[in-house]
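The structure presented is a predicted model; accordingly, all values stated were derived computationally and were not measured. Chain A is the first sequence line, chain B the second, and so forth, proteins listed ahead of strands; every chain is numbered from 1.
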Amino acid sequence: MNSAEYLDQLRQQLTKRTSEGFASDCIRELEGHLLASRAAREELGENPIEAERRAILDLGPVRLVARDLARQYRDTGRQAEPALGPILMFGLIFAYGLVSFATPGLSSFTTASSAAIVGAIGWRTWQTRRWLVRPLMSWIVGAVVAVLAVSLFASLRQAEAFRASGEQARMIRQDEIALARDRAALAAWQQGAPPLTQGPSPVAYTQQTFLPLVPWAFSWVGSGEPSLTAMDAKTARRAWEKHGAAFAEAVKGREEQLARQKSHPGELAPIARNLVQQGGSALVFLLAVVAAWNWLFLTLFSLLDRLEVTRFRRQVG
Amino acid sequence: MRLQSDTKAIVLAILAERPAHGYAVVKAVREKSGGKLRLSEGQLYPVLYALEAAEWVTAEWENGDPESRRRIYAITDAGRAELADRTKRWSDFAASVTRLLRPDATTEAKS
């Protein structure tokens, strides 16, 4: 490859990404650079062909030089459509979230991975030093909105199905039975009766909740909740002494909740809870996958750049 | 070992001495660093354009000829202020690292 071919390829790349005037100025300046570099080498005794080859090699691969110049062009606001990139990314991610919700069998992993791929490609395409923040912000905001929107639709649909199936009424009946049983146990304890060795006892226990979409479990310790366990009299007494007050509070809270459910069967509180749970866990998962994909893609892009330099050196040399 | 340097500050420092075109900047960096620093030539021009956009340097085609193949870059007052700021930050950073790596060097300097 000689200087003319190199500059011609560079012009083609630059014209695609920048204005004709900017490309033309760059090419003219780089032509002057190559001439100066070649002349300096010839003064040091290199033959003209070798001097030209080395001058081209020092400038670097056409695509990388063009990419850096184009980024700078965008950075300085000389491009007319600066906001298009982030908006497009936002739209793509949002649309993908909705499509994945409407498509049965498409897993959340696929959704999150695809969002990450779109983000990574967008990052690579639109990344510039000053601009880096905007695509990233729009990408994250897009992902959050998409996840919350999908979760809201899912929650509303579940709530509707829940009410329609009569499942809610059945669950309310079950809660009433359990509450009556726990209330009786509490009353017996408050009146000084010997603690039950079988049936509801207020024990501290670790509740493991597997949040949807998250490949690992979150757990926390709750206390005072009833647990249907068989235990000896001594252990049962200790459990009541230690957690009895919290158990009483829990029973009271459940009574109030049940009363609310019966008076307002379609209330939005469970839907909101479901929404927060699904949205939150999906977001955690999404961000984890995004972080992993980003690392992978950035490593890959860096590797591709190095390969391009090696290929360019072989091509010129 | 690869160390991160401040390319913009280096280019500003070269231009603070005298106006120069791109290749002259590359050559000056190589010569002044005793051949230890080499600017990536392909990345030099985006840096020069960024400096121009920030109004830290001005750029004119050589001899005012728009058909010329050389653009001469000259530092502005704002560029000199930026260079002074970056030089101070770099000196503070370098002094801190030196103190950490060679605690004896600080003692030697004091005595």
- [ ] Name the orientation class of the two ring planes belonging to B/Tyr73 and B/Tyr49 (parallel below 30°, tilted from 30 to 60°, perpendicular beyond 60°).
- [x] tilted
- [ ] With a 4.5 angstrom heavy-atom cut-off, could you sort out which part of A/Leu35 is near chain B: side chain, backbone, both or neither?
- [x] side chain
TODO: Answer with side chain, backbone, both or neither: which region of A/Leu30 has an atom nearer than 4.5 Å to a non-hydrogen atom of chain B?
DONE: side chain
Open item on the list: Test your reading of the model: is there a side-chain donor-acceptor pair from A/Glu52 to the backbone of A/Asn2, 3.5 Å cut-off?
Closed with: no
- [ ] Using the six-membered ring wherever Trp is involved, compare the ring planes of A/His33 and B/Tyr45 and label them parallel, tilted or perpendicular (cut-offs 30° and 60°).
- [x] perpendicular
Open item on the list: I'd like to know which of B/Gln43, B/Glu41, B/Arg71 tops the heavy-atom pair count under 4.5 Å against chain A.
Closed with: B/Glu41
Task: Check: B/His21/B/Glu62 side-chain N/O donor and acceptor closer than 3.5 Å - done: no
Task: Per-residue contact mode, B/Arg70 against chain A (heavy atom under 4.5 angstrom) - done: side chain
